[in-house]
Participant: 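Structure below; questions to follow.
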Number of protein chains: 2
Amino acid sequence: MDDLTEMLKGTLEGCVLEIIGSEETYGYAITRRLNELGFAGVVEGTVYTILLRLERNGLVQVAKRPSGVGPPRKFYALNDAGREELGKFWVKWQYVSSRIDRLKEGGR
Amino acid sequence: MDDLTEMLKGTLEGCVLEIIGSEETYGYAITRRLNELGFAGVVEGTVYTILLRLERNGLVQVAKRPSGVGPPRKFYALNDAGREELGKFWVKWQYVSSRIDRLKEGGR
DNA sequence: TACCACTATACGGTATCACCGAGTAGCGGT
DNA sequence: ACCGCTACTCGGTGATACCGTATAGTGGTA
């Protein structure tokens, strides 16, 4: 699959929220998770910019912990605002994707 | 539904391609069509920038025709390159949307 | 000891995209 | 003469994902 960059704009952040929401985790692992989910081109740098943005916007709670196999990890978990944002993301996704699918199917 | 801007990035152009592909039409009408399809916030300016981009990228064929109810209209139709691009867009959409839906459903 | 691979994060700069606002213009009705 | 609807153009903005580079900890190997 060729470049998905443009199509992921506006959705990748939601995907990261969902991953964090299902389990407290850190940037490097989130990148691996996205890759195995099929978002093969997503690299660390991209995920870290999203995580820093989530932190800046007060949607996550952060805890630094030692790793044992490398530098310390920054673990992320959703707070109340983050869970609310995630809910809104899925509502929006449902809305947009259903309209696009309708357009695809001859669009009435 | 609040602002869909970010989520439409990378997909709105494809939607416009699909609309043009199903019928030769012009900017103002495309905007109305998008609005009635549920993309309520999309305005003329946005659609025109997409159309100019499609033209610049050689994906459409353009014909100016008088209107009777206003200024002349620029009618757009897909050429071969446009049809190919539209095909690629739907493949990509299918790929991305299915992965996101999978993530939503507990994501294995 | 030196090097490399893997793990892990940060950050400045770039390209793309949808949007906004102001401008231009044709037509019909009051 | 004015307003509303139709119709297109264009310069500038903000948000987002990406890229490249730098920094740094751990373990393996020559």
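Sequence lines set the chain letters: A, B, ... in the order given, protein chains first and strands last, and positions in each chain run from 1. As the structure is a prediction and not an experimental result, all values here were calculated from the model.
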Participant: Residues two or more places apart in sequence or in another chain: which of them pass side-chain contact (heavy atoms from CB on, under 4.5 Å) with B:Thr5?
Facilitator: B:Asp3

Participant: Are A:Leu103 and B:Ile19 close enough that some pair of their side-chain heavy atoms sits under 4.5 Å apart?
Facilitator: yes

Participant: Any N/O pairs under 3.5 Å between the protein and nucleotides 20-27 of chain C? List them or say none.
Facilitator:
{"unit_1": "C:dC27", "atom_1": "O3'", "unit_2": "B:Gly68", "atom_2": "O", "d": "3.3"}

Participant: For the residue pair A:Ile30 and A:Tyr48, establish whether any side-chain heavy-atom pair is separated by less than 4.5 Å.
Facilitator: no

Participant: Does A:Lys9 have any side-chain contact (heavy atoms from CB on, under 4.5 Å) partners at least two apart in sequence or in another chain, and if so, which?
Facilitator: A:Glu6, B:Lys9

Participant: Please give, in whole Å, the distance from C:dC19 P to B:Asp2 CG?
Facilitator: 13 Å

Participant: Heavy atoms of chain B, cut-off under 4.0 Å: which first and last nucleotide of DNA chain D, 5' to 3', fall inside that, if you could look?
Facilitator: D:dT6 to D:dT16

Participant: Taking the side chain as everything from C-beta on, heavy atoms only, tell me whether B:Val16 gets closer than 4.5 Å to B:Leu34.
Facilitator: yes

Participant: Please enumerate all residues that pass side-chain contact (heavy atoms from CB on, under 4.5 Å) together with A:Thr49, with sequence neighbours excluded.
Facilitator: none

Participant: Using side chain to side chain donor-acceptor pair (under 3.5 Å) as the criterion, list what pairs up with A:Glu84, not counting sequence neighbours.
Facilitator: none

Participant: Between A:Ile30 (CD1) and C:dA10 (C1'), how many Å, whole number?
Facilitator: 15 Å

Participant: If the threshold is 4.0 Å, N to carboxylate O, is there a salt bridge linking A:Lys104 and A:Asp101?
Facilitator: no

Participant: Would you kindly give the CZ-to-C1' distance between A:Arg73 and C:dT7, to the nearest whole Å?
Facilitator: 8 Å

Participant: A:Arg32: which residues meet the side-chain contact (heavy atoms from CB on, under 4.5 Å) condition with it, sequence neighbours left out?
Facilitator: A:Tyr28, A:Asn35, A:Glu44

Participant: Between A:Ser67 and C:dT7, does any side-chain N or O lie under 4.0 Å from OP1 or OP2?
Facilitator: no

Participant: Considering every strand and a 4.0 Å limit on heavy-atom distances, what is the contact class for B:Leu51: base, sugar-phosphate, or nothing?
Facilitator: nothing

Participant: Can you list every pair that meets salt bridge (charged side-chain N to carboxylate O under 4.0 Å, His left out) and has a residue in residues 14-23 of chain B, with sequence neighbours left out?
Facilitator: none

Participant: To the nearest angstrom, how far is B:Leu17 atom CG from C:dA18 atom P?
Facilitator: 11 Å

Participant: In residues 58-68 of chain A, what donor-acceptor pairs under 3.5 Å come from side-chain atoms, sequence neighbours left out?
Facilitator:
{"unit_1": "A:Arg65", "atom_1": "NH1", "unit_2": "A:Glu24", "atom_2": "OE1", "d": "3.4"}
{"unit_1": "A:Arg65", "atom_1": "NH2", "unit_2": "A:Glu24", "atom_2": "OE1", "d": "3.4"}
{"unit_1": "A:Arg65", "atom_1": "NH2", "unit_2": "A:Glu24", "atom_2": "OE2", "d": "3.2"}
{"unit_1": "A:Ser67", "atom_1": "OG", "unit_2": "A:Val69", "atom_2": "N", "d": "3.1"}
{"unit_1": "A:Ser67", "atom_1": "OG", "unit_2": "A:Gly70", "atom_2": "N", "d": "3.4"}

Participant: Mind checking what makes ring pair (Phe, Tyr, Trp, His ring centres under 6.0 Å) contact with B:Phe75, not counting sequence neighbours?
Facilitator: B:Tyr26

Participant: If I take atom CZ in residue B:Arg53 and atom P in nucleotide C:dT16, what distance separates them, rounded to the nearest angstrom?
Facilitator: 10 Å

Participant: For DNA chain C, find the residues of residues 6-15 of chain B with a heavy-atom distance under 4.0 Å and give them by number; none if there aren't any.
Facilitator: B:Leu8, B:Lys9, B:Gly10, B:Leu12, B:Glu13

Participant: Is the shortest heavy-atom distance from the side chain of B:Tyr76 to the side chain of B:Leu17 under 4.5 Å?
Facilitator: no

Participant: Nearest-Å distance, NZ (A:Lys64) to P (C:dA8)?
Facilitator: 13 Å

Participant: Does A:Arg83 use its side chain to pair, donor to acceptor, with the backbone of A:Gly21 at less than 3.5 Å?
Facilitator: no

Participant: Can you tell me how far P of C:dC19 sits from CD1 of B:Ile50, to the nearest Å?
Facilitator: 7 Å

Participant: Rounded to whole Å, how long is the line connecting atom OH of A:Tyr48 with atom C1' of C:dG12?
Facilitator: 17 Å

Participant: Work out how much the helix from C:dT1-D:dA30 to C:dT30-D:dA1 bends between its end axes, five pairs an end, to the nearest 10 degrees.
Facilitator: 20°

